[in-house]
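The structure under discussion appears below in the form of structure tokens.
The structure presented is a predicted model; accordingly, all values stated were derived computationally and were not measured.
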Amino acid sequence: MGDDTIMQSKKKLCQLVLAGLAMVGTCGAATLVEAADAGMHVDQVGYLTGRDKTAMVTDSKETDFSLVDAKSNKVVYTGKLSEAKADAMSEETLRKADFTNFNTPGTYKLKVGNRESYEFAIGDNVYAVPNVQTWRSFTLSRCSTSIDDKDVTGLKVKMGHPQDTQAQVYFTDKLNKKGDKVDVSGGWYDAGDYGKYTTTGAIAAAELLLAYEAHPDHFTKGQLLFPAGVTSDKNLPDALSEVKYEFDFLKKMMRKDGSTFHKVSGAQWPGFDKSPDSDTQDRFLYSTCTASTAMYGASLAIGARVYKGLDASYAKSLQKDADKVWNYLSKTKESIYRVDEGQESGSGPYNDTNDIQERLWMAAEMFRTTGDKKYEDYLKANKAELLKAPGFFTWDNTLALAQFAYAIASKADAGFQSEVKKVYLDYADMIAGKIQKDGFGCALSKEEYTWASTKNALTQGDMLLMAYQLQPKAEYEEGALAQIHYMLGRNSLDKSFLTGMGSNPPEHPHNRIHESTGAYVPGLLVGGPNHIKGGDPDQTKYLEENKVPVAKSYIDVLSSWSTNEYAIDYTGTAAYALAWFAKPVNVTAKDLKLTRNFPSITK
């Protein structure tokens, strides 16, 4: 979350992406190369063998394309470009280069006339490194732990926010008095600031658990190369050990009646010079919110079934807490979002005042986990809400997750389940249709290019992968893969929106850890194009002073938090997609280490 008061104390930052600098490497590891020619739109990490392999090129009247070996410059494949077609979102006229039939592993460039693209790989496991980097970014976002990532990013933090062991309650109610001190240490920082939120913590944990549940064979011990100082559960795959770290924090946010505190943060936005271990301001517990409480309950229910076969006693403790949350929500009928003056002065609101979708999600996950008909009865009692056409799931509307959970539940009423499944799959088919019509194969419609648009695209891709689990249609998997291509540079900006990955990733993400320590963390998904004015001062000025196509409404500057900030729930969507397509391999620290620098501006 950003704040314009910070901007007033910072010198004006460059509005343009640094020209001529880019990076590329095997499986996404970075190295310095020349920039590609304009209008050559490829997935800068690469393409999987046996899958669709298309690139888009801005029309220059050329009709032929070739692939060349990146090292020898030898032509290895030639083909015809498609007919030129206008793309409304980018305002480009595009032709497609389809090289699906070429499956020889290697590193290549696309050539059209005298233009050539960034390098990209073709192989069986091209997303292995981006996958590990993305999951590993959660580890490097840990609060209340020492981190010495000397072998990969160089990030060194002595102890992020030790004062979280003595966070002060900001309000008085029947359970707490203002000034009460509560230990809420641990967990993940939410985004470019140091707030920790039950809302995004719960949905991010859920995304990671659902990714594991879809392909448990894609996760191993030792996979994330935990840095020195980071504790882990050696009995679990690294991914589940990481989620457990977040659950341990969220448990501390749960109150004795089963409700939760909404967030913990400082009272003021920290400056970009403040690292996690030098931001010494007091930390406060703000608000209660039934929507975020229900989201926590849903994530607990998923955890109870995911951990069951690996750590039965831990899974039982998660189920016990989930029961406690459900009991609280059963007694608390109204949707609550508490507001106290000043609670948003140093953190984002995540204000959700309508919690029905989150209650449905928790009920559906509880039913999927336990098979207890009382949860199905709740879903049936709210049938009209559950059968609404979903949108893509977000922190303030989890209806789609509720529908998926019930649609895949093993003990569901066949008739009711069929109704829910149809609504979900109808939406999946709509997403697939949008992807087919878009010039870049992107799932976003015009109104979805707003705050967190890249997350919006990846979420829709994830929903297609969930739909594939209900009905294995090839177009669902390919549609999801198209969103990965979009994320990794096959877009009108030729920009990878995943830090450190591909040839042209974000140079200046809105990230206090990077700015204060100089350590650039790969695998963070930034927001991407946002064409709605008012997102932040720099984005607004950029849109007001220029005629910017919808799909190009992005600026790679530190101060544009509405286009260039990441968040754990954004990155969770990328983690789900990448984990689906990446096979576990013994990735080394050398594979992960970037070979070019991303210097901070304010350090």
Side-chain angles (χ1 to χ4, degrees), residues 134-135 137-138 141 187-188 190 196-216 219 237 239-251 253-254 260 289-308 314-315 318-319 321-322 325-326 329 350 352 355 357-370 375 390 392-409 424 452 455 458-463 465-466 469 525 567-580:
T134 298
W135 283 76
S137 73
F138 290 89
S141 297
W188 302 318
D190 176 64
K196 299 185 297 187
Y197 306 82
T198 300
T199 304
T200 48
I203 197 169
E207 287 168 338
L208 301 189
L209 290 172
L210 290 170
Y212 176 89
E213 193 167 38
H215 280 293
F219 299 89
L240 294 188
S241 182
E242 191 55 51
V243 174
K244 189 176 181 182
Y245 188 80
E246 178 68 7
F247 269 149
D248 288 347
F249 156 70
L250 289 170
K251 183 179 179 68
M253 295 288 279
M254 186 170 69
T260 57
C289 175
T290 49
S292 56
T293 298
M295 291 170 72
Y296 172 49
S299 69
L300 286 170
I302 301 169
R305 64 175 185 264
V306 168
Y307 287 96
K308 187 175 181 180
Y314 180 63
L318 295 179
Q319 186 63 59
D321 286 347
V325 171
W326 182 260
L329 291 171
Y350 288 110
D352 188 350
D355 66 10
Q357 299 94 353
E358 289 67 51
R359 288 174 184 258
L360 290 172
W361 181 32
M362 182 177 182
E365 296 291 3
M366 292 289 272
F367 178 69
R368 184 180 176 190
T369 298
T370 69
Y375 302 113
F392 52 83
F393 63 82
T394 68
W395 60 264
D396 64 348
N397 188 338
T398 57
L399 176 60
L401 289 173
Q403 292 171 340
F404 171 68
Y406 185 71
I408 203 170
Y424 187 90
K455 180 197 75 166
L458 267 293
T459 303
Q460 291 178 72
D462 293 350
M463 288 183 65
L465 295 175
M466 293 174 187
Q469 294 168 63
L525 186 69
I568 52 175
D569 60 320
Y570 300 9
T571 302
T573 65
Y576 188 100
L578 290 167
W580 183 282

Going by distance alone, is a donor N or O of one side chain under 3.5 Å from an acceptor N or O of the other, for Thr573 and Thr459?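 No, no side-chain donor-acceptor pair sits under 3.5 Å.
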Does a donor on one side chain and an acceptor on the other come within less than 3.5 Å for Gln357 and Trp361? no
Ignoring hydrogens and angles, tell me if any N or O in the side chain of [X] forms a donor-acceptor pair with the backbone of [Y] under 3.5 Å.
X	Y	result
Ser241	Pro237	no
Glu358	Thr398	yes
Thr260	Met253	no
Gln469	Leu465	yes
Trp135	Ala575	yes
Gln460	Phe392	no
Arg359	Leu329	yes
Tyr375	Thr369	no

Residue pair Thr199 / Asp352, side-chain heavy-atom distance below 4.5 Å: no
Determine whether Thr370 and Gln319 make a side-chain contact, defined as any pair of heavy atoms from C-beta on separated by less than 4.5 Å. yes
Show, in sequence, the C-alpha distance, side-chain angles and deciding distance for Glu213 and Arg305, and conclude whether the side chain to side chain contact (heavy atoms under 4.5 Å, CB included) test is met. CA-CA 9 Å; Glu213 193 167 38; Arg305 64 175 185 264; 2.6 Å; yes
About how many Å separate [atom2] of [Y] and [atom1] of [X], when rounded to the nearest 0.5 Å?
X	Y	atom1	atom2	value
Thr134	Leu525	OG1	CG	8.0 Å
Met362	Thr290	CE	OG1	12.5 Å
Gln403	Tyr424	CD	OH	8.5 Å
Leu210	Ser299	CG	OG	10.0 Å
Met463	Tyr576	CE	OH	11.0 Å
Leu240	Phe247	CG	CZ	10.0 Å

Determine the minimum heavy-atom distance between [X] and [Y], stating which atoms define it.
X	Y	value
Ala322	Ala301	CB-N, 4.3 Å
Trp188	Val243	CZ2-CA, 4.2 Å
Tyr296	Asp321	OH-OD2, 4.1 Å
Ser137	Thr571	OG-CG2, 3.6 Å
Leu401	Met466	CD2-CE, 4.0 Å
Ala206	Ile302	CB-CD1, 3.8 Å

Could you tell me if Lys244 sits above the aromatic ring of Tyr314, with its cationic atom closer than 6.0 Å to the ring centre and no more than 45 degrees from the axis?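 Yes, Lys244 lies over the aromatic ring of Tyr314.
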Glu207 bridged to Lys455 by N-O distance under 4.0 Å: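 No, this pair does not count.
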Measure from the ring center of Tyr197 to the ring center of Trp395 and say whether it is less than 6.0 Å.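 Distance test on ring centres: not under 6.0 Å, no.
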